[in-house]
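For reference, the structure is listed below as structure tokens.
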Amino acid sequence: MPSTKLMELSRRGIHWILIPLLALLITLWPTLSSGLTHLQSDPGDTLLNHYFLEHAYQHVRDGQLFNPDHFWSPDYFWPIKDTLAWSDHLIGPAVLYGLFRTLLLDPYKAFVGWLILTLGLNYIALRRALLTISPDTSASWLSLIALITAFSPAITMQLSHPQLLSLFLIGPILVLCHRLLSEADVAAFRLENWLMLGFWLLSNGIFNIYIFVYGCYGALICSLIHIIRRINKRKFRLNKGHNWGKPAGLLLAMIGTNALIYRPYLVSLKTFGMRPMEEIISNLPKPASWLFSNDRWLLPPIFNPETAPNGWVNGLEQQLFPGWLFLILFVASIITALRLPSRRNLELRAWLLAVGLMLIGCISIADVSLWPLFSTIIPGAGSLRASSRVGVIIILFASPCLALASNHWPHVQNLTRRVITLIIGFTAGFCS
């Protein structure tokens with residue numbers, strides 16, 4: 001028995017600790033190998049976000065917690081007020097950053113600690129969500145899928161925009177969206193579940209407005225599919241559930257918190273005005289954007305800024321290449337869904353439908369897009385200029401497709417061949 005428990009602990013350590021640590025080492029190698037003297041990736045948004053994190057820490061340390069004017073009006077551009085609302089507030093990330101500062105780490109070490117913790121939490125939250133969504137999937141597949149999605153090139157590219165890296169709350173959102181898509185009895189998704197979905201979505205508002213808006217976009221697509229399922233089954237009654245009071249209280253508290261946070265932003269809108277919809281549409285993902293990035297990756301994409309045909313890729317932050325292994329497994333998931341009888345892969349087909357609709361809803365071809373329709377429904381969508389960032393959330397929402405499809409892929413029984421397969425698979429994952 002002791003040896004069995006030791007083996008189980010070793011397996012858990014590999015999947016929950018060793019794999020994300022290796023991924024962190026690869027991702028942050030320029031910083032770690034420099035002795036923490038080189039922050040990734042440039043002195044622009046990296047230092048700006050670091051300033052905001054340190055500003056929030058100093059605000060609390062100096063006993064100004066109940067003086068919001070002090071927080072929203074840093075000294076730059078004095079005497080203009082609420083200038084912090086011209087950019088990201090980083091209130092949620094600042095809590096994690098503050099943990100490292102209270103350990104008496106200097107600001108730069110605390111920033112690196114925050115990066116390590118945030119990226120590690122992304123992997124852990126995603127793998128935990130996939131385990132809940134597809135409990136029959138092998139541990140190795142779950143780890144590999146969490147690796148190539150949480151550390152996808154399109155996500156690690158955001159080291160240059162670290163305000164976008166706090167993605168771990170997408171985990172519980174994926175779990176609830178899975179219930180929306182796959183619950184055999186649609187009425188089993190009760191009011192208490194809707195309230196918790198709203199709570200987790202709004203919780204992202206404490207971390208970043210982009211993550212909040214695009215998380216709402218994915219949840220909206222899944223909700224529309226769920227409503228259509230209810231209509232088909234003629235189940236219109238919404239059951240409250242037995243414990244809806246606590247989720248309701250949590251949601252109300254989160255609504256109040258976000259109202260306090262985004263009040264200065266609403267004031268700023270009066271100064272700067274709304275983003276022109278034409279600008280937002282021009283920055284939406286293009287079909288070729290999913291195969292486009294720089295050529296510095298070990299396994300480079302098909303297109304880079306030098307090789308992309310004219311007119312195929314335009315707009316801000318179009319480097320959405322998710323990695324070769326992700327693309328291969330996603331195509332394999334589609335083939336699996338088409339080959340198997342529908343009764344055996346209803347959940348997989350539902351997720352592929354949701355991801356397909358997310359892609360269709362945000363894609364821009366010749367500046368024609370369905371996004372203006374969704375932006376009228378989702379709060380805050382009309383203010384997001386770098387609209388290509390929706391690609392980060394789409395990659396995370398695609399991870400359940402890979403986890404569910406892998407249940408139908410051949411399993412290697414021979415121990416030696418299985419070890420070789422795992423070595424090749426994870427090597428491809430880290431290289432990708």
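Note that this is a predicted model, so its numbers are computed, not measured.
Residues Trp72 and His89 are in side-chain contact: their nearest non-hydrogen atoms beyond the backbone lie under 4.5 Å apart. Put simply, the side chain of Asp88 does not reach to within 4.5 Å of the side chain of Leu48, judged on heavy atoms. Side-chain contact between His178 and Trp351: present, with at least one pair of heavy atoms (C-beta onward) separated by less than 4.5 Å. The side-chain heavy atoms of Tyr97 and Phe52, taken from C-beta on, include no pair separated by under 4.5 Å. Between Ile170 and Ile211 the shortest side-chain heavy-atom distance falls below 4.5 Å. Trp244 has its side chain out of reach of Arg190: every pair of non-hydrogen atoms, C-beta onward, lies at least 4.5 Å apart. When side chains are defined from C-beta on, His55 does not count as touching Gln58, because their heavy atoms never get closer than 4.5 Å. Between Ser406 and Thr137 the shortest side-chain heavy-atom distance falls below 4.5 Å.
Under the 30°/60° scheme for interplanar angles, the aromatic rings of Phe111 and His50 are found to be tilted.
More than 12 heavy atoms of other residues, nucleotides or ligands lie within 6.0 Å of CH2 in Trp86, so this atom counts as buried by the packing criterion. No more than 12 heavy atoms of other residues, nucleotides or ligands lie within 6.0 Å of NE2 in His242, so this atom counts as exposed by the packing criterion. Residue Lys233 places its NZ atom among more than 12 non-hydrogen atoms of other residues, nucleotides or ligands, all under 6.0 Å distant. Counting heavy atoms of neighbouring residues, nucleotides and ligands inside a 6.0 Å radius, atom CZ of Arg128 does not exceed 12 of them. Open room surrounds CZ on Arg12; 12 or fewer heavy atoms of other groups in view lie less than 6.0 Å from it.
Between Tyr51 and Pro74, the closest heavy-atom pair is OH-CB, 3.7 Å. Looking at every heavy atom in both residues, Phe199 comes nearest to Leu250 through CD1-O, 3.5 Å. Among all heavy-atom pairs drawn from Ala398 and Phe330, the shortest one is CB-CE1, 4.0 Å. Shown here for Gly215 and Phe397, the closest heavy-atom pair between the two residues is O-CZ, 4.3 Å. Considering every non-hydrogen atom in both Val355 and Cys401, the closest pair reads CG2-SG, 4.0 Å.
Proximity of a side-chain donor or acceptor of Ser289 to a complementary backbone N or O of Pro285 within less than 3.5 Å is not detected. No side-chain donor-acceptor contact under 3.5 Å links Asn208 to the backbone of Asn204. Looking only at distances, a side-chain donor or acceptor of Ser387 sits under 3.5 Å from a matching main-chain atom of Ile280. The backbone N or O of Asn283 sits less than 3.5 Å from a side-chain atom of Gln318, completing a donor-acceptor pair.
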Evaluate side chain to side chain contact (heavy atoms under 4.5 Å, CB included) for Ile363 paired with Ser369, printing each intermediate quantity in order. CA-CA 6 Å; Ile363 210 77; Ser369 176; 5.8 Å; no
Given the rule in the salt bridge (charged side-chain N to carboxylate O under 4.0 Å, His left out) test, do Glu183 and Arg229 qualify, once you have shown the distances and angles that lead to the verdict? CA-CA 10 Å; Glu183 200 97 68; Arg229 293 181 65 217; over 6 Å; no
Apply side chain to side chain contact (heavy atoms under 4.5 Å, CB included) to Ile173 and Cys177, showing your working. CA-CA 6 Å; Ile173 293 171; Cys177 285; 4.1 Å; yes
What do the steps show when you test Arg389 against Glu317 for salt bridge (charged side-chain N to carboxylate O under 4.0 Å, His left out), and what is the final call? CA-CA 7 Å; Arg389 293 174 178 176; Glu317 300 180 30; 2.8 Å; yes
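For the atom pair NZ of Lys240 and CG of Leu195, the computed distance is 11.0 Å after rounding to the nearest 0.5 Å.
Side-chain atoms of Asn49 and Gln163 include a donor-acceptor pair closer than 3.5 Å. For the residue pair Gln40/Thr31, the side-chain donor-acceptor check at 3.5 Å is satisfied. Of the N and O atoms on the side chains of His408 and Thr336, not one donor lies less than 3.5 Å from an acceptor on the other residue. Side-chain atoms of Arg11 and His15 form no donor-acceptor pair, as typed in the model, at a separation below 3.5 Å. Inspection of the Asn314 and Ser282 side chains reveals no N or O donor paired with an N or O acceptor under 3.5 Å.
Taking the six-membered ring wherever Trp is involved, the centroid distance between the rings of Tyr265 and Tyr262 falls below 6.0 Å. Checked against a 6.0 Å centroid threshold, the rings of Trp312 and Phe303 count as neighbours. Here Trp371 and Tyr217 bring their ring centres to under 6.0 angstrom of each other. Aromatic ring centroids of Phe168 and Phe207 lie under 6.0 Å apart. If you look at Phe189 and Trp194, their ring centroids are closer than 6.0 Å.
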